[in-house]
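Okay, structure first, notes after.
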Amino acid sequence: MMAANLHYSQIEDLMFELSMWRCSDELRVRAEELHRSSKRDAKHYIEFWKQVPASEPYRVILSDVRDKLYQTRERSRHLLAHDISDIPEEGTFTNIEQVSPSLLASIFSLLNILLLS
């Protein structure tokens, strides 16, 4: 649960910093898929009180990671307190390999954009 808290705050910080629209084709496709599949009634946060627009691909990717980290933290909290949680495991991270693809795609996209500039 502590790891989810730590990563959650770091992802939120990155969301403020990465408002770029330029990205790799791979990241844009991933962001568009996430944006289309995201629920309109999903949890929104004080800082981003509307759904993140598809024109901000890094924020779309990071908001998905943030939401899953939030769900992971809440599910862990429920399980520790009550031995049961109504948050489905499918909406959470259960291992680091589930987080890596989104973050690596963002990093590679940033590097690609920097090298082409």
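- The side chain to side chain contact (heavy atoms under 4.5 Å, CB included) check on N95 picks up E97, Q98, with sequence neighbours excluded.
- Taking a 6.0 Å sphere around CD1 of I84, one finds it holds 12 or fewer heavy atoms contributed by other residues, nucleotides or ligands.
- Proximity of E26 to S109: side-chain heavy atoms (C-beta onward) are nowhere separated by under 4.5 Å.
- Between L69 and Y8, the shortest heavy-atom distance links the atoms CD1-N, 3.7 Å.
- Separation of atoms CD (E12) and CG (L62) is listed at 10.5 Å; rounding is to 0.5 Å.
- L27 is not listed as a side-chain neighbour of F108, based on a closest heavy-atom distance of 4.5 Å or more.
- Hydrophobic clustering (ILVMFWY, side-chain heavy atoms < 4.5 Å, transitive): L104 and L34 are in distinct clusters.
- S85 pairs by the side chain to side chain donor-acceptor pair (under 3.5 Å) definition with H78, not counting sequence neighbours.
- S63 contributes a side-chain N or O that, together with a main-chain N or O of V60, makes up a donor-acceptor pair within less than 3.5 Å.
- Of the inter-residue distances, the one linking E56 atom CD with M15 atom CE reads 8.5 Å to the nearest 0.5 angstrom.
- Atom-to-atom distance recorded for R66:CZ and Q71:CD is 11.0 Å, nearest 0.5 angstrom.
- Applying the side chain to side chain contact (heavy atoms under 4.5 Å, CB included) test to L116 and every residue at least two apart in sequence or in another chain returns N112.
- Residues that satisfy the side chain to side chain contact (heavy atoms under 4.5 Å, CB included) test with L110, not counting sequence neighbours, are L18, M20, Y58.
- With sequence neighbours excluded, the residues satisfying salt bridge (charged side-chain N to carboxylate O under 4.0 Å, His left out) with E89 are R75.
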message: As a quick check of understanding, evaluate side-chain contact (heavy atoms from CB on, under 4.5 Å) for I61 and L103, giving each step before the final call.
response: CA-CA 8 Å; I61 299 292; L103 297 180; 5.9 Å; no

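- For V29, the side chain to side chain contact (heavy atoms under 4.5 Å, CB included) criterion is met by E33, not counting sequence neighbours.
- Annotation: side chain of T72 is not in contact with side chain of I87 (no heavy-atom distance under 4.5 Å).
- Side-chain atoms of H35 come within 3.5 Å of backbone N or O of V52 as a donor-acceptor pair.
- The heavy-atom pair separating S55 from P57 by the smallest distance is O-CD, 3.3 Å.
- In this structure, I113 is a member of the same hydrophobic cluster as L14, with clusters built from ILVMFWY side-chain heavy atoms closer than 4.5 Å.
- Between the side chain of R28 and the backbone N or O of W21, at least one donor-acceptor pair lies under 3.5 Å.
- Summarising the geometry of A105 relative to R30, their closest heavy-atom pair is CB-NE, 3.9 Å, with the distance given to 0.1 Å.
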